[in-house]
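Naming convention: chains lettered A, B, ... in sequence-line order (proteins, then strands); numbering from 1 in each chain.
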2 protein chains.
Amino acid sequence: MPDTPPPAKTRAPGRRASITVHDVARLAGVSAITVSRALNTPAQVSAETLQRVRDAVQRTGYVPNLLAGGLRSSKSRLVAAVVPTLAGPVFLETIEALTAALAERGYQLMLGQSGYADSREDALLDAIIGRRPDGIVLTGVMHTPDARQRLLACGIPVVETWDLTPTPIDMLVGFSHKRIGEEVCEYLHRKGCRRPVLISGDDARARRRHEGFVRAAARLGMTGATATVPTWWVPAPAKLPGGREGLTRLLAEHPGLDGVFCSSDLLALGVLTEAQARGLSVPRDFAVVGMGDLDFAASLHPALTTVRIDGTRIGRTSAAFIVDRAEGRAVAEPVVDIGFALVERHSA
Amino acid sequence: MPDTPPPAKTRAPGRRASITVHDVARLAGVSAITVSRALNTPAQVSAETLQRVRDAVQRTGYVPNLLAGGLRSSKSRLVAAVVPTLAGPVFLETIEALTAALAERGYQLMLGQSGYADSREDALLDAIIGRRPDGIVLTGVMHTPDARQRLLACGIPVVETWDLTPTPIDMLVGFSHKRIGEEVCEYLHRKGCRRPVLISGDDARARRRHEGFVRAAARLGMTGATATVPTWWVPAPAKLPGGREGLTRLLAEHPGLDGVFCSSDLLALGVLTEAQARGLSVPRDFAVVGMGDLDFAASLHPALTTVRIDGTRIGRTSAAFIVDRAEGRAVAEPVVDIGFALVERHSA
DNA sequence: ATGAAAGCGCTAACAC
DNA sequence: GTGTTAGCGCTTTCAT
């Protein structure tokens with residue numbers, strides 16, 4: 001037996017002490033730091049020692065306490081992601097890819113929901129910064145100046161996603177919502193649409209697409225005398241019933257409408273459903289364009305024309321950015337516009 | 001000025017030191033521990049001191065390092081959740097409720113994806129246990145004996161969800177998938193269905209519903225000579241196209257089918273879509289029952305008859321269980337069957 | 001109501 | 001290649 005038994009230390013009453021590096025070290029007949037090296041930088045340890053340490057780890061069932069390691073090395077290997085909500089399945093693909101890409105590199109995702117209101121953002125930010133994550137991924141750009149300020153101050157790498165801004169906090173992986181609005185409008189115009197209407201969730205990004213659409217419509221002479229496009233707004237997150245109701249209302253006031261751009265595929269599914277229920281035929285009676293290319297879009301009847309965003313790429317790119325930064329590598333091109341694709345199917 | 005300037009300590013080269021309790025304490029003219037108490041247990045601190053500390057916190061922009069606190073107090077205020085995947089929107093409601101309920105109480109969610117294969121579960125478990133979370137929420141019950149063993153050994157409170165088992169690791173919030181299969185079958189039988197078919201994702205829980213359905217069908221004499229129910233299996237996570245293809249295939253082999261039970265509302269949407277594309281009428285030509293009552297189910301045309309699971313309640317209950325345990329309160333009834341509800345709409 | 005000392009479990013820095 | 005020492009930032013314990 002090497003030396004002194006472990007001294008009785010401060011210890012929470014009920015809980016049994018868990019196994020530490022020292023326990024493993026004693027069993028392997030080496031020092032604690034050698035165990036640490038064997039696990040983190042095995043190249044620095046002789047083959048024989050390595051084997052002994054691994055055996056000891058196996059026998060004890062030791063799992064390193066990453067909180068303690070993180071505290072000392074100021075690397076938490078934790079990345080925070082903030083989404084407005086999980087309920088609209090829009091960000092799912094991004095979160096899924098992010099989680100997977102981070103896990104591959106030994107990082108773990110912490111999830112926070114900000115809601116669509118700014119108010120909770122502040123408390124959430126405290127909770128996040130308090131864990132000293134190695135990075136923060138925001139869906140959408142950060143709005144309140146206060147929050148921006150704190151994010152800037154704490155020095156944690158930040159990736160804003162799903163949007164573009166001339167003034168990013170740090171890194172950015174996004175695309176132009178205004179351009180989407182414009183391109184969809186131009187597309188509908190080419191298809192012969194002259195009386196478009198909009199059904200839109202009222203979150204910041206959908207409003208930008210709306211703006212782009214209306215502007216293009218005015219330019220193309222699709223707005224009539226009012227210089228605007230009839231719009232039905234639904235509270236975010238937009239869901240199917242909003243689409244059904246939107247179509248009903250818009251049809252009542254604008255029976256001649258010949259195209260609908262929805263701010264989400266879910267709304268578009270609602271429109272398709274309502275049309276079907278009314279015996280209307282899409283695209284013969286009017287065109288429908290969705291947004292998001294959610295997984296059901298291609299399989300609907302008619303297959304939905306929509307705007308595809310590569311959510312997986314957003315997630316993966318964000319993960320790469322954060323990890324590069326965390327490991328001291330510079331990110332060459334920290335602001336990326338990943339664009340979008342108008343996917344032509346049969347609904348328009 | 002109180003006393004000695006802070007000694008130059010070990011410090012990572014590039015990074016600026018962040019503000020600590022000591023900085024705040026010095027500014028407020030108190031000791032570090034008093035700052036800690038002012039923030040965590042304000043009742044123990046005099047009103048005047050409290051004010052001084054709060055001012056100092058404000059002025060410095062101090063955000064406590066929860067990793068450090070967690071290390072000392074062995075309370076990480078972190079809860080891990082494991083889902084097979086985020087892609088099927090089935091667990092979304094649970095994760096959303098869980099995140100929200102935890103945030104309310106000052107806990108944060110860590111998300112892990114296990115995939116539907118058991119292989120990654122082990123690595124994921126290490127990553128999770130390494131962070132010493134105050135609790136682990138599993139969607140589905142834990143299968144591999146190895147994983148069960150480690151979970152049991154590490155002493156972290158565990159909630160298994162979305163399923164029932166006679167041998168839970170610890171706590172459980174679920175419902176009986178077999179009963180769902182049976183009840184749906186009985187329901188279809190009452191509605192006059194005699195030639196049912198199944199479209200099912202091939203994950204463990206869907207298979208249990210399948211089993212329940214087949215058993216009830218046999219009992220009710222709905223299976224013909226084969227004592228089984230024609231089934232189209234789709235790989236998990238089940239999506240809409242699987243429903244379309246499933247109906248196509250089943251219709252080809254069993255043109256007399258008069259009812260379809262789908263293991264997910266997404267599959268049911270596929271079935272409805274395919275039926276519509278073929279000019280078939282639901283429920284006149286055959287009945288369709290989904291599973292999950294996803295948010296679009298009620299608004300489809302025809303409105304989808306389905307099985308409702310209260311995912312929000314699962315999330316909230318799990319959060320409450322974990323927090324109670326973490327804060328030393330016993331959970332009176334740690335195994336809960338929350339049941340399910342067959343929601344009758346128009347598709348059956 | 002407040003403080004001093006100790007140490008949670010790990011790893012950076014510096015020996016050897 | 002391996003060990004010693006110290007300390008990450010906080011909170012527990014014990015004293016006043």
Side-chain angles (χ1 to χ4, degrees), chain A residues 2-3 6-26 28-53 60 62-77 129-132, chain B residues 2-3 6-26 28-53 60 62-77 129-132:
Chain A
D3 55 14
K9 305 242 172 115
T10 321
R11 163 98 38 240
R15 248 191 185 173
R16 213 194 42 212
S18 73
I19 294 138
T20 75
V21 248
H22 292 99
D23 301 320
V24 177
R26 201 171 333 116
V30 296
S31 74
I33 186 68
T34 301
V35 173
S36 171
R37 287 202 269 249
L39 296 173
N40 298 319
T41 50
Q44 288 183 36
V45 172
S46 75
E48 196 230 351
T49 309
L50 194 59
Q51 195 48 54
R52 288 223 310 283
V53 171
T60 52
Y62 170 66
V63 181
N65 184 333
L66 299 175
L67 261 52
L71 178 58
R72 179 66 244 230
S73 61
S74 31
K75 274 174 194 158
S76 62
R77 294 188 154 260
I129 296 175
R131 313 262 181 214
R132 305 294 190 266
Chain B
D3 54 14
K9 304 246 173 110
T10 320
R11 163 99 36 240
R15 246 188 186 176
R16 212 194 44 212
S18 73
I19 295 138
T20 75
V21 249
H22 292 98
D23 300 320
V24 177
R26 203 170 332 118
V30 296
S31 72
I33 184 65
T34 301
V35 174
S36 171
R37 285 201 271 251
L39 296 173
N40 300 319
T41 51
Q44 288 183 36
V45 171
S46 76
E48 198 231 349
T49 309
L50 195 58
Q51 194 50 52
R52 288 225 308 283
V53 171
T60 51
Y62 170 64
V63 181
N65 184 331
L66 298 175
L67 261 51
L71 178 59
R72 180 66 247 229
S73 61
S74 31
K75 274 175 195 156
S76 62
R77 294 188 156 260
I129 296 176
R131 312 261 180 215
R132 304 295 190 265

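When the salt bridge (charged side-chain N to carboxylate O under 4.0 Å, His left out) test is applied to B/R77, the partners found at least two apart in sequence or on another chain are B/E327. Residues passing the side-chain hydrogen bond (donor to acceptor under 3.5 Å, both in side chains) test with A/S46, sequence neighbours excluded: A/T49. Listed by chain and number, the residues in a side-chain hydrogen bond (donor to acceptor under 3.5 Å, both in side chains) with A/T20 amount to none (sequence neighbours excluded). A search for side chain to side chain contact (heavy atoms under 4.5 Å, CB included) contacts involving A/L66 returns B/R131, not counting sequence neighbours.
Between C/dC10 and A/S73, no contact under 4.0 Å exists linking OP1 or OP2 to a side-chain N or O. An OP1 or OP2 oxygen of C/dT11 is reached within less than 4.0 angstrom by a side-chain nitrogen or oxygen of A/S36. Remark: A/T34 is in phosphate contact with D/dG3, judged by side-chain N or O atoms under 4.0 Å from OP1 or OP2.
Taking atom CG of B/L67 as the reference point, atom P of D/dC10 lies 11 Å away to the nearest angstrom. Rounded to an integer number of Å, the gap from A/R131 CZ to D/dG9 P is 17 Å. Look at CZ on A/R77: it is 11 Å from P on C/dT11, rounded to the nearest Å. Rounded to whole Å, atom P of C/dA6 lies 18 Å from atom CG of B/L71. Atom OH of B/Y62 is separated from atom P of D/dG9 by 10 Å (rounded to the nearest Å). Between A/H22 atom NE2 and C/dC10 atom C1' there is a gap of 8 Å when expressed in whole angstrom units. D/dG3 atom P lies 9 Å from atom CZ of A/R52, rounded to whole Å. Rounded to whole Å, the distance from CG on B/N65 to P on D/dG7 is 18 Å.
Across all their heavy atoms, A/A68 and B/L71 have their closest contact at CB-CD1, 3.6 Å. Closest non-hydrogen pair, A/S18 versus A/D23, comes out as O-OD2, 4.0 Å. Looking at every heavy atom in both residues, B/V45 comes nearest to B/L50 through CG1-N, 3.7 Å. Residues A/S76 and B/L67 come closest through the heavy atom pair CB-CD2, 3.9 Å.
Each of B/R132 and B/T49 lies near DNA chain C, and the nucleotide nearest B/T49 is the one positioned closer to the 5' end.
Closest to the B/I33 side chain, of the nucleotides C/dA4, D/dC10, C/dG9, is C/dA4. Between D/dG9, C/dG3, D/dC8, one nucleotide has an atom nearer to the side chain of B/T20 than all others, and that is D/dG9. Listed nucleotides: D/dT11, D/dT2, D/dA6. Nearest to the side chain of A/R72: D/dA6.
Taken residue by residue, residues 38-48 of chain A places heavy atoms nearer than 4.0 Å to DNA chain D at A/Q44, A/V45, A/S46.
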Listed pairs, N/O of protein and of nucleotides 14-16 of chain C, under 3.5 Å:
none

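Taking CD1 of B/I19 as the start and CG of B/N65 as the end, the distance is 12.0 Å to the nearest 0.5 Å.
Pairs engaging residues 44-53 of chain A under the salt bridge (charged side-chain N to carboxylate O under 4.0 Å, His left out) rule: A/E48-A/R52 [sequence neighbours left out].
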Side-chain polar contacts of residues 30-38 of chain A - donor-acceptor pairs under 3.5 angstrom, sequence neighbours left out - could you list them?
{"residue": "A/S31", "atom": "OG", "partner": "A/T34", "partner atom": "OG1", "Å": "3.2"}
{"residue": "A/S36", "atom": "OG", "partner": "A/N40", "partner atom": "ND2", "Å": "3.4"}

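Note that the two end axes of the helix from C/dA1-D/dT16 to C/dC16-D/dG1 enclose an angle of 20°, each drawn from 5 base pairs, rounded to 10 degrees.
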From CA spacing to verdict: side-chain contact (heavy atoms from CB on, under 4.5 Å), B/Y62, B/L39
CA-CA 11 Å; B/Y62 170 64; B/L39 296 173; 3.7 Å; yes

